[in-house]
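To start, the structure under review is shown below, and the notes come after it.
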Amino acid sequence: MDATAKRAPRPLGLLAELTHRCPLGCPYCSNPLALETRTDELDTATWTQVFRQAAALGVLQTHLSGGEPAARRDLVEITRAAHDAGLYTNLITSAVGITKETFARLSDAGLDHVQISIQDNEPGTADHIAGYKGAYKRKAALAAEVTRLGIPLTVNAVMHRANIDHVGEMVALALALGAKRVEIAHVQYYGWALKNRAQLMPTREQVDRAVRAVEALRLRHHGQIVIDAVVPDYYARFPKACVGGWGRRSLNVTPSGKVLPCHAAESIPELTFWNVREHALADIWDNSPAFLAFRGTDWMQEPCRSCPRATQDFGGCRCQAFALTGDARATDPVCHLSPHHALVGELAEIRADAAYVYRR
Ligand code: SF4
Ligand code: FES
């Protein structure tokens with residue numbers, strides 16, 4: 001084990017996947033192919049224990065996510081437990097299946113921040129992408145309620161070929177809804193999204209236009225709204241430091257209590273995950289095989305092993321490396337130094353106008 005791994009850093013963020021149940025059918029869903037069932041979900045008391053252990057481990061904020069977290073009847077109690085543990089609480093919601101009254105109770109329970117995903121600025125296309133009629137209308141109404149309650153709002157805009165030319169309109173919509181931040185997040189192609197890669201993949205020209213549009217929007221709206229955006233993977237020269245580096249900054253707890261280094265980690269078959277029902281979170285962070293597998297740099301192959309960027313991007317995304325090469329230790333093929341980089345360019349050229357395969 002290398003020096004980085006021995007001095008395991010403390011995590012800052014906990015993604016609490018409260019449930020995999022969700023009313024939407026987004027074709028780019030990032031949840032695993034095999035969803036966990038309601039009967040396997042952790043109860044309120046176990047989540048309370050997880051939040052306390054996370055805070056003791058150094059975690060500062062938790063993202064209450066899903067699926068749709070509002071599918072849980074105890075969402076208010078869970079939010080209060082996270083707040084009482086001293087964590088900054090961010091609710092990541094589709095805003096479908098959640099009422100104004102619930103938001104008021106969540107606010108009273110100490111909810112600090114809300115992130116609502118919006119599929120497009122046009123209601124018709126937005127509902128088509130979400131696979132749910134009427135979703136846009138509900139999202140816009142609930143977003144207005146969040147800002148009325150004084151809870152900071154982030155709009156999450158997942159971009160792909162059908163909506164990437166609407167970046168400006170999405171930022172305008174986020175501003176109109178009172179958001180303080182908008183995330184221009186490009187589809188990540190693993191899990192369910194792999195089934196729709198050809199339907200979702202933007203063209204190089206679209207990506208270039210969107211990058212220029214974001215630069216102009218940042219200048220125009222400086223001081224009004226923060227615009228987070230990165231170049232989509234398949235068109236980048238270097239990969240992102242996925243999850244801030246494996247086992248360095250964050251952890252994920254699945255609905256049934258498995259603890260993962262990233263939300264897609266179960267797509268790597270060789271990994272074994274420990275569960276909060278059997279192990280304390282600190283033990284899992286420090287000693288579980290899945291966290292040790294790619295923490296630090298010892299596991300790397302060339303060209304990462306001798307690359308000066310090895311401790312900046314940590315070799316990119318392990319899940320993407322596995323999805324594209326079958327080897328989770330390979331350099332992320334998004335990197336132009338990867339021997340598999342040409343594959344990324346070839347895949348980006350494969351586009352089809354077939355119907356989406358919705359997540360059901
Ligand atoms: Fe990052 Fe590896 Fe590419 Fe170097 S070779 S830039 S460490 S992915
Ligand atoms: Fe798993 Fe990037 S999504 S490491």
Side-chain angles (χ1 to χ4, degrees), residues 2 4-5 8-9 11-15 17 20 26 28-34 63 65 92 156 158 183 185-195 197 200 230-254 258-273 284-285 288-345:
D2 68 351
T4 323
L12 300 174
L14 167 76
L15 183 71
E17 293 177 4
H20 278 159
C26 304
Y28 48 74
C29 178
S30 61
N31 282 337
L33 292 182
H63 306 282
S65 176
I92 300 178
N156 176 249
V158 180
E183 281 183 6
H186 295 275
V187 170
Q188 306 278 307
Y189 297 102
Y190 25 67
W192 193 267
L194 267 179
K195 292 178 184 291
R197 184 169 52 199
L200 295 167
V230 291
V231 177
D233 269 358
Y234 280 44
Y235 291 104
R237 260 170 68 77
F238 290 108
K240 61 189 180 297
C242 198
V243 287
W246 189 273
R248 288 186 73 245
R249 306 277 293 278
S250 61
L251 35 77
N252 249 49
V253 179
T254 74
K258 281 183 273 182
V259 187
L260 320 178
C262 74
H263 66 281
E266 287 175 286
S267 64
I268 303 176
E270 70 184 79
L271 297 178
T272 306
F273 306 102
I284 297 173
W285 177 261
S288 71
F291 278 84
L292 294 178
F294 308 120
R295 180 177 278 151
T297 54
D298 258 12
W299 56 271
M300 288 181 176
Q301 305 169 353
E302 293 296 348
C304 294
R305 179 173 277 273
S306 56
C307 178
R309 291 176 62 99
T311 51
Q312 290 172 43
D313 64 32
F314 300 94
C317 174
R318 295 305 86 222
C319 302
Q320 185 149 263
F322 178 79
L324 295 181
T325 73
D327 179 0
R329 286 167 185 73
T331 295
D332 185 338
V334 163
C335 179
H336 72 289
L337 301 171
S338 159
H340 301 285
H341 183 62
L343 175 64
V344 171

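Quick caveat, the model's predicted, so the values are computed rather than measured. Order of listing sets the numbers, starting from 1, for every ligand and every atom in it.
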Name the orientation class of the two ring planes belonging to Phe291 and Trp285 (parallel below 30°, tilted from 30 to 60°, perpendicular beyond 60°).
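Correct class here is tilted.
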Quick one: side-chain contact (heavy atoms from CB on, under 4.5 Å) partners of Cys26, sequence neighbours excluded?
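For Cys26 the side-chain contact (heavy atoms from CB on, under 4.5 Å) partners, ignoring immediate neighbours, are Leu24, Tyr28, Gln119.
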How about [X] and [Y]: do any of their side-chain heavy atoms sit closer than 4.5 Å?
{"X": "His186", "Y": "Asp233", "value": "no"}
{"X": "Pro333", "Y": "Thr325", "value": "yes"}
{"X": "Pro289", "Y": "Leu271", "value": "no"}
{"X": "Cys319", "Y": "Cys262", "value": "yes"}

With Pro303, the side-chain contact (heavy atoms from CB on, under 4.5 Å) member among Cys335, Pro339, Ser338:
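When Cys335, Pro339, Ser338 are each tested with Pro303, the side-chain contact (heavy atoms from CB on, under 4.5 Å) holds only for Pro339.
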Everything protein-side that's N, O or S and under 2.8 Å from atom 4 (Fe) of ligand 1: list it, residue and atom.
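Less than 2.8 Å away from atom 4 (Fe) of ligand 1 sit Cys307 SG.
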Could you enumerate the protein N, O or S atoms under 2.8 Å from atom 2 (Fe) of ligand 2, written like residue then atom name?
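Protein N, O or S atoms closer than 2.8 Å to atom 2 (Fe) of ligand 2: Cys242 SG, Cys317 SG.
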Partners passing salt bridge (Lys or Arg N to Asp or Glu O under 4.0 Å) against Arg249 (at least two apart in sequence or in another chain):
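Arg249 satisfies salt bridge (Lys or Arg N to Asp or Glu O under 4.0 Å) with no residue once adjacent residues are dropped.
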Checking side-chain polar atoms at under 3.5 Å, does Glu17 have a donor or acceptor matched by the opposite partner on Asn31?
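Side chains of Glu17 and Asn31: no pair found under 3.5 Å.
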